[in-house]
Amino acid sequence: MNERLADSHRIFDRVSQEYDTARPHYPEALYLALETLTGIRLAGATVIDVGAGTGISTRGLLDRGARVVAVDRGERMLARLRARTDCPALLADGNDLPLRAGAADLVTYAQSWHWLDSALSVAEAVRVVGGRGAVAGWWNTVDPGKADWLAANQVRLAESCPGYIGPVLPGWSMPPMAAAMSDAGLSVAETWVDWTRSVPLEDFLTDLRSHSYIASMEDGVASELLARERAELGRVFPDGRLTVPMRVYLAVGRQGRRGAM
Ligand SMILES: C[S@@+](CC[C@H](N)C(=O)[O-])C[C@H]1O[C@@H](n2cnc3c(N)ncnc32)[C@H](O)[C@@H]1O
């Protein structure tokens, strides 16, 4: 496994507090699309949430009645999850799940699959859902095409952060999970869900600090960059609350069934 993937949980552990405080949730429409594309009702389903982090996706699934087992390699991220939920939470590698074949209806990766080995992770998920379940990954992203201030913010980040990954980069696309699931023999369906996030400026900045491309920078450099963004964004939103156009990309793979939706 390459170094970036092997160390990702350490980067997130460094910013677990910021992640827990300010990362966005996922909209209701995402969970509805998840049910439609997988053909699985979340209420009563057994779901393994891989790369569960501080539990944003885990809580979304629990709130809709799923029986969730959270899995993450980051001790601090998982400690935050455990502080807020009492579902089983395993400190484990998603590429080698400590779960028996057929143990779950659904394996999910919210904002996390790109940190795992692309082929091993999907093979593990397929094993764990047995012959009947589904695998799903989704990613929240800002939608700079809908707001000039957001496009300018993302361009400044791209120029200042060597590790920036995001929608203003030429050729940028969502992680190729659909292709990996198709390679593993699953029937794949994809969709996008648009939504709007209303967020205090300080939370937006804290959210930025929890992104790997800022979390991996030296503290002083990251603080300077965020001070600049505070000034720039404060001019656009003098009342200190941002309205952020967002999108969630969802990819689902199912076994033995074709043409979801
Ligand atoms: C961006 S966070 C996503 C957290 C959460 N699912 C959410 O929706 O906010 C990615 C998580 O993947 C975890 N992770 C990275 N590599 C992993 C692996 N091989 N196995 C399990 N978790 C991993 C990291 O520790 C981190 O908590």
Side-chain angles (χ1 to χ4, degrees), residues 1-27 30-31 34 47-64 66 68-85 87-99 104 106-125 127-128 135-142 163 165-166 174-175 177 180 193 195 197 199 203 206-216 246-251:
M1 187 187 294
N2 74 40
E3 209 175 299
R4 178 185 149 273
L5 296 189
D7 283 346
S8 68
H9 60 291
R10 294 198 181 89
I11 295 174
F12 285 110
D13 269 355
R14 275 175 53 187
V15 290
S16 60
Q17 186 191 345
E18 289 85 349
Y19 202 111
D20 200 27
T21 306
R23 279 287 183 118
H25 67 278
Y26 305 102
L30 179 273
Y31 294 101
L34 178 64
V47 182
I48 314 301
D49 191 26
V50 178
T54 62
I56 298 171
S57 45
T58 301
R59 289 191 296 277
L61 294 162
L62 287 168
D63 287 349
R64 286 155 184 89
V68 186
V69 177
V71 176
D72 202 285
R73 285 177 74 203
E75 277 184 51
R76 289 191 189 167
M77 294 291 273
L78 218 45
R80 300 242 164 215
L81 179 147
R82 287 182 175 127
R84 296 227 230 153
T85 65
C87 74
L90 309 177
L91 185 66
D93 185 352
N95 297 311
D96 185 14
L97 291 168
L99 296 160
L106 175 64
V107 174
T108 56
Y109 305 83
Q111 221 84 15
S112 64
W113 175 78
H114 58 297
W115 293 114
L116 282 83
D117 181 281
S118 55
L120 283 180
S121 59
V122 174
E124 267 301 74
R127 181 184 68 77
V128 166
V135 182
W138 64 88
W139 286 265
N140 248 332
T141 183
V142 292
I165 305 167
M174 279 292 171
M177 190 175 184
V193 173
W195 66 291
R197 182 185 191 202
V199 59
D203 283 2
T206 303
D207 175 359
L208 281 182
R209 196 183 267 281
S210 78
H211 280 262
S212 60
Y213 53 83
I214 295 186
S216 55
M246 303 283 298
R247 303 184 84 193
V248 192
Y249 165 72
L250 169 67

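Both ligands and their constituent atoms are indexed starting at 1 by order of listing. We use all heavy atoms of the structure for the numbers below, so side chains are in, but hydrogens, waters and symmetry mates are not.
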Next on the checklist: Please identify which of these residues, Leu116, Val50, Val122, meets the side-chain contact (heavy atoms from CB on, under 4.5 Å) condition with Asn95.
Outcome noted: Leu116
Checklist entry - So which of Leu97, Leu106, Val135 actually passes side-chain contact (heavy atoms from CB on, under 4.5 Å) with Val128? => result Leu97
Next on the checklist: Looking at Arg209, I'd like to know if its CZ atom is crowded, meaning that more than 12 non-hydrogen atoms belonging to other residues, nucleotides or ligands lie closer than 6.0 Å.
Outcome noted: yes
Next on the checklist: Below the 3.5 angstrom mark, is there an N/O of Tyr19, backbone or side chain, next to an N/O of ligand 1?
Outcome noted: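 N/O-N/O distance below 3.5 Å exists for this pair.
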Item to check | Geometric N/O contact Thr54 with ligand 1, under 3.5 angstrom | outcome: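 Between Thr54 and ligand 1, no N or O pair is found under 3.5 Å apart.
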[X] (side chain) donor-acceptor with [Y] (main chain) under 3.5 angstrom:
X	Y	answer
Arg82	Ala89	yes
Arg127	Leu99	yes
Asp72	Ala52	yes

Give the numbers and elements of all ligand 1 atoms closer than 4.0 Å to a heavy atom of [X].
X	result
Ile56	9 (O)
Ala92	20 (N), 21 (C)
His9	25 (O)
Gly94	18 (C), 19 (N), 20 (N), 21 (C)
Asp93	18 (C), 19 (N), 20 (N)
Ala52	4 (C), 5 (C), 6 (N)
Trp115	10 (C), 15 (C), 16 (N)
Gly53	4 (C), 27 (O)

Checklist entry - When rounded to the nearest 0.5 angstrom, what distance separates CZ in Phe12 from CD in Glu18? => result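 If I round to the nearest 0.5 Å, the distance is 12.0 Å.
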Next on the checklist: Between Asp20 and Arg84, is the side chain to side chain contact (heavy atoms under 4.5 Å, CB included) condition met? List the steps.
Outcome noted: CA-CA 10 Å; Asp20 200 27; Arg84 296 227 230 153; 2.9 Å; yes
Checklist entry - Between Leu81 and Gly55, what is the shortest heavy-atom contact and its length? => result CD1-CA, 3.4 Å
Specify side chain, backbone, both or neither for [X], according to which of its non-hydrogen atoms lie closer than 4.0 Å to ligand 1.
X	value
Leu116	side chain
Thr58	neither
Ser121	neither
Tyr26	side chain

Checklist entry - Can you find a non-hydrogen atom of Tyr109 under 4.0 Å from ligand 1? => result no
Hey, looking at [atom], which of [options] has the closest heavy atom?
atom	options	answer
atom 23 (C) of ligand 1	His25, Glu124, Arg73	Arg73
atom 4 (C) of ligand 1	Gly137, Ser112, Gly51	Gly51
atom 13 (C) of ligand 1	Asn140, Asp72, Asp117	Asp72

Checklist entry - Pick from Asp49, Thr108, Asn140: which one makes a side-chain hydrogen bond (donor to acceptor under 3.5 Å, both in side chains) with Ser57? => result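 Testing Ser57 for a side-chain hydrogen bond (donor to acceptor under 3.5 Å, both in side chains) against Asp49, Thr108, Asn140 leaves exactly one candidate, Asp49.
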Checklist entry - Side chains of Asp207 and His211: is there a donor and an acceptor less than 3.5 Å apart? => result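 The criterion, which ignores hydrogens and geometry beyond distance, is satisfied for His211 and Asp207.
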